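What follows is a short report on a single structure.
From a predicted model like this one, the values you see are computed outputs, not experimental measurements. Atoms considered below: every heavy atom in the structure, side chains included; atoms not considered: hydrogens, waters and symmetry mates.
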Amino acid sequence: MSRKFMERTRQLFSWYTLLGIAVLLAIGIGAMWIGTDLLSANREDSSSSPPQQTVPDYMLTDPLLAGKVITWTESKYSFLKNGADPANGQSVRVESWVKVGSDGIPTRAHILSLFEDGAFHQEILVSPDATTIIFGSNYPDVSSGAKTGCRQNWPAYSPEMRKSLLPSFIDEKKLSRFGFAPADLPTPNYPKSSSLVNANPEKTLESGKTVRGWQMRQTSDGITNIEKVLIGERGRVLALETNRTDNTGQVIAENKSVFSSIRIYMTKTIPEKVFSLSDQAHEVCHE
């Protein structure tokens, strides 16, 4: 198997970062543009700007989302051998709110990650002018009494990079080029969408009505990668699972994500407070 092919296949599941931010839990697998492995930013790397990347040709942009505010929830588990992030080996709930411009490019985003018990993990605000990330008090250098260390302010990102905030849609006709084949995969339990506002959605893209499974297995240099993805209506990614093992069968990294239905709102029905930091974030930073 050629190095070029291996790299292209790896890229399919390497876009799981928020706008290219270094990801501690994913490190290249389970980390895809397919759904956002958002809140796993590495604090050690946060002082530098993330690399700028382009959208892979197998990704689709759904015009249905343009000019709307959308929200969905991700149930996520990530494990990285020797990973230092507080969420390593644990499940988190990631809630995303994204305001999409008429050109289909996000203009605002609010992403909140909580542990299963409701404890704060990370929170991110994105705008065309800046990106702010709040790290929870369970990070080693964010002490309970600190007013610094919890907040990182990063430069603005290009419109192309902000596309990674959108839910993922895939052109299934191109998956076979990356080594994927149709597969009979189990149906997961889908999380519920966020109930942050009382407004009624204009439309809802339901999870689980139409589901098609795809799977890929590859081995290189003694490392085996298995990637699984469930795709629903309009090519939307509903769930994904990735597993990387060494030549002894030991797990190096593992990621599992399941996505809720997407609620689509008219912009005028959503208050601006949706795109503000939560009370939990202010408490962490003692603001």
Any side-chain heavy-atom pair of L238 and F259 under 4.5 Å: no
Side chain of H110, backbone of W97: donor and acceptor closer than 3.5 Å? no
Regarding R162 and T107, is there a side-chain donor-to-acceptor distance under 3.5 Å anywhere? no
Do N255 side-chain atoms and T242 backbone N/O form a donor-acceptor pair below 3.5 Å? no
Count I, L, V, M, F, W, Y as connected when their side-chain heavy atoms are under 4.5 Å apart, and connections chain through other members. Are V237 and V94 then in the same cluster? yes
Would you check if the side chain of T267 reaches a backbone N or O of G67 as a donor-acceptor pair within less than 3.5 Å? yes
Would you mind reporting whether D85 and H121 have side-chain heavy atoms less than 4.5 Å apart? yes
Donor-acceptor pair, distance only, cut-off 3.5 Å: does the side chain of N138 make one with the backbone of P86? no
Measure from the ring center of Y190 to the ring center of W72 and say whether it is less than 6.0 Å. no
Verify side-chain hydrogen bond (donor to acceptor under 3.5 Å, both in side chains) between T73 and E95, making sure each step is shown before the conclusion. CA-CA 5 Å; T73 297; E95 297 182 356; 4.6 Å; no
Same cluster or not: V258 versus V92, using hydrophobic residues (I, L, V, M, F, W, Y) connected whenever any side-chain heavy atoms lie under 4.5 Å apart? no
Listed by chain and number, what are the side-chain hydrogen bond (donor to acceptor under 3.5 Å, both in side chains) partners of S193, not counting sequence neighbours? S260
Between S96 and T71, what is the shortest heavy-atom contact and its length? O-OG1, 2.9 Å
Kindly write out the residues that satisfy side-chain hydrogen bond (donor to acceptor under 3.5 Å, both in side chains) with W214, not counting sequence neighbours, or none if the list is empty. E172
Taking the side chain from R236 and the backbone from S168, do they hold a donor-acceptor pair closer than 3.5 Å? no
Apply side-chain hydrogen bond (donor to acceptor under 3.5 Å, both in side chains) to the pair D129 and S127, showing each step before the final yes or no. CA-CA 5 Å; D129 303 316; S127 75; 4.5 Å; no
For W154, which of I124, V126, T131, T132 qualifies under side-chain contact (heavy atoms from CB on, under 4.5 Å)? T131
Is the backbone of I223 close enough, under 3.5 Å, to the side chain of D221 for a donor and an acceptor to pair up by distance? no
Mark yes or no for whether Q215, through its side chain, and L185, through its backbone, hold a donor-acceptor pair below 3.5 Å. no
So which atom in D62 and which in F169 form the shortest heavy-atom distance, rounded to 0.1 Å? OD2-CE2, 3.5 Å
Answer yes or no: is there a donor N or O on one side and an acceptor on the other, between the side chain of Q218 and the main chain of G179, under 3.5 Å? no
